[in-house]
Amino acid sequence: MAIHSACNMKIATWNVNSIRSRFDHLVKWLHQFQPDVVLLQELKLMSELFPHEQLLDEGYQAAVLGQKTYNGVAILSKHRIEDITYGFENNPLPEEARYIDALIDGSVRIASVYVPNGQNTESPKYPNKLKFIDALRAAVQIRIYENTPYIIGGDFNIAPHDLDATNPDRWKGDVPFTAAERQGYNQLMHLGLHDAVRIKHPYTSQSAPDVMSWWDYRGGSFEKNDGLRIDHILMCPLATDMWTDAGTDRTPRTWEKPSDHTPVWCDLNMTQY
């Protein structure tokens with residue numbers, strides 16, 4: 001497989017909710033959307049079972065951190081993948097496959113993250129989620145100090161603002177809408193990160209254009225557009241200087257037996273770096 005050199009780079013993140021179940025969807029979308037780098041979450045399979053050869057045939061090499069049945073993150077790239085890091089220090093959930101990063105094309109470090117859902121505020125999984133966010137912030141801070149453009153994308157399982165929900169009143173006080181989750185997310189952003197989608201579509205009182213990235217399978221949520229924006233691409237200042245565009249691609253959510261998430265993407269002009 002030829003390794004491409006990047007001038008412009010399209011980066012996307014997608015919680016596929018089982019790569020086995022959604023592999024045909026992934027390949028179809030890769031053909032249609034032609035991203036350079038794709039961050040995947042919820043692979044739900046072991047690393048050694050990842051379909052490397054099939055994706056090489058599509059032009060993508062992959063860095064993978066898998067886990068049986070649950071979790072799992074990966075980075076697909078048309079460009080050279082180097083210096084892969086699996087997990088991060090002081091992760092309170094080290095047995096769970098939730099973070100991977102790598103240097104892409106020798107120029108930008110990109111991470112795929114799957115933040116725990118937390119289940120509900122009474123669950124023991126909820127404080128673990130908050131601890132994970134705190135530890136993630138420390139890991140991101142180290143990356144930012146390395147003075148290489150750094151981007152972290154994935155399923156954060158946090159709607160950071162009321163306008164990140166079609167019907168915010170429905171979610172008040174519940175995961176992923178709680179004050180503690182939002183505080184952790186905001187502290188992460190205070191490291192100097194910028195939200196790729198909200199650069200293009202800043203918070204206003206207007207709901208359009210739609211930027212939601214997740215819809216419940218139940219109750220016709222997608223058809224009603226009753227969704228949440230919980231999938232994000234966050235960029236350090238060096239990467240933000242290269243930003244040119246961003247958005248949400250709802251197309252895969254319209255397909256038969258889709259993931260409950262849909263891809264979020266951004267474009268970078270690498271000649272700016």
Side-chain angles (χ1 to χ4, degrees), residues 6 8-16 26 29-30 33-42 63 73-79 81 98-105 107-115 133 136-137 139-141 143-144 148-161 163-164 176 182 184-186 188-203 209-214 227-253 259 261-270 272-273:
N8 296 300
M9 187 179 290
K10 184 181 291 292
I11 300 166
T13 182
W14 189 8
N15 179 326
V16 291
L26 175 61
W29 180 75
L30 291 175
F33 200 71
Q34 290 295 312
D36 294 282
V37 179
V38 184
L39 311 175
L40 299 177
Q41 301 87 42
E42 273 204 277
V73 287
I75 301 170
L76 312 184
S77 178
K78 290 182 177 181
H79 312 290
I81 298 179
R98 293 188 176 274
Y99 179 94
I100 187 171
D101 73 33
L103 190 65
I104 305 297
D105 202 40
S107 58
V108 57
R109 183 166 292 279
I110 304 182
S112 178
V113 67
Y114 179 40
V115 175
I133 296 167
L136 178 65
R137 183 179 70 252
V140 170
Q141 185 171 33
R143 286 303 191 205
I144 292 174
T148 297
Y150 174 78
I151 295 171
I152 179 168
D155 178 1
F156 284 78
N157 268 311
I158 299 171
H161 191 283
L163 292 176
D164 291 318
R182 287 180 168 182
Y185 182 90
N186 288 336
L188 180 65
M189 295 298 291
H190 291 161
L191 296 176
L193 297 175
H194 298 265
D195 183 329
V197 169
R198 286 302 182 189
I199 294 174
K200 177 73 175 289
H201 305 299
Y203 289 113
D210 182 68
V211 293
M212 303 305 154
S213 64
W214 175 88
L228 292 172
R229 192 180 78 100
I230 56 176
D231 303 88
H232 311 293
I233 298 176
L234 309 181
M235 309 174 296
C236 81
L238 284 174
T240 304
D241 288 342
M242 299 184 286
W243 180 97
T244 60
D245 202 3
T248 302
D249 182 9
R250 293 163 56 102
T251 307
R253 191 60 172 82
S259 169
H261 297 253
T262 207
V264 175
W265 59 271
C266 75
D267 284 343
L268 302 182
N269 179 358
M270 303 302 292
Q272 297 296 314
Y273 179 65

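- To the nearest 0.5 Å, atoms CG (D245) and CG (L268) are separated by 10.5 Å.
- Between the side chain of R182 and the main chain of I158, no donor-acceptor pair closer than 3.5 Å is present.
- In this structure, the side chains of K200 and V211 stay at 4.5 Å or more apart for every pair of heavy atoms.
- D267 contributes atom CG, which lies 4.5 Å from atom OG1 of T244 (distance to the nearest 0.5 angstrom).
- With hydrogens and angles disregarded, a donor-acceptor distance shorter than 3.5 Å links the side chain of W243 to the backbone of A196.
- Taken from CG in L40 to CD1 in I100, the straight-line distance is 10.5 Å, to the nearest 0.5 Å.
- The line from NZ of K78 to CG of D105 is 13.0 Å long, rounded to the nearest 0.5 Å.
- Partner of L193 under the side-chain contact (heavy atoms from CB on, under 4.5 Å) criterion, chosen from T240, L188, I233: L188.
- Side-chain N/O atoms of D249 and W29 include a donor and acceptor closer than 3.5 Å.
- The shortest heavy-atom contact between A159 and I230 is N-CG2, 3.8 Å.
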Intermediate values then yes/no, side-chain contact (heavy atoms from CB on, under 4.5 Å), V115 and H232
CA-CA 11 Å; V115 175; H232 311 293; over 6 Å; no
For M235 and I199, what are the C-alpha separation, side-chain angles and deciding distance, and is it a side-chain contact (heavy atoms from CB on, under 4.5 Å)?
CA-CA 11 Å; M235 309 174 296; I199 294 174; 3.5 Å; yes
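- No donor-acceptor distance shorter than 3.5 angstrom exists from the side chain of R229 to the backbone of S213, with no hydrogens or angles considered.
- Within the 3.5 Å criterion, the main-chain N or O of V37 finds no donor-acceptor partner in the side chain of S77.
- The heavy-atom pair separating Y99 from V73 by the smallest distance is N-CG2, 3.6 Å.
- Taking both residues in full, the closest heavy atoms of T148 and L103 are given as CG2-CD1, 4.1 Å, listed atom of the first, atom of the second, then distance.
- Y185 is not listed as a side-chain neighbour of I133, based on a closest heavy-atom distance of 4.5 Å or more.
- In terms of heavy-atom proximity, I81 sits nearest to A63 at CD1-N, 4.0 Å.
- Considering only heavy atoms from C-beta on, P263 stays 4.5 Å or farther from F33 through its side chain.
- The structure places CG of D231 at 12.0 Å from CE of M212, a figure rounded to the nearest 0.5 Å.
- Proximity of H201 to T248: side-chain heavy atoms (C-beta onward) are nowhere separated by under 4.5 Å.
- D36 contributes no side-chain N or O that, together with a main-chain N or O of I11, makes up a donor-acceptor pair within less than 3.5 Å.
- Of all heavy-atom pairs between G153 and Q41, the closest is O-NE2, 4.0 Å.
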Could you go through the side-chain contact (heavy atoms from CB on, under 4.5 Å) check for T13 and H261 one step at a time?
CA-CA 10 Å; T13 182; H261 297 253; over 6 Å; no
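- Heavy-atom minimum distance, I152 versus V140: CD1-CG2, 4.1 Å.
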Pair D195-H161, side-chain contact (heavy atoms from CB on, under 4.5 Å): steps then yes or no
CA-CA 12 Å; D195 183 329; H161 191 283; over 6 Å; no
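- Formation of a donor-acceptor pair under 3.5 Å by the S112 side chain with backbone atoms of L39 is not found in this model.
- Note: R109 CZ to C236 SG = 12.0 Å, rounded to the nearest 0.5 Å.
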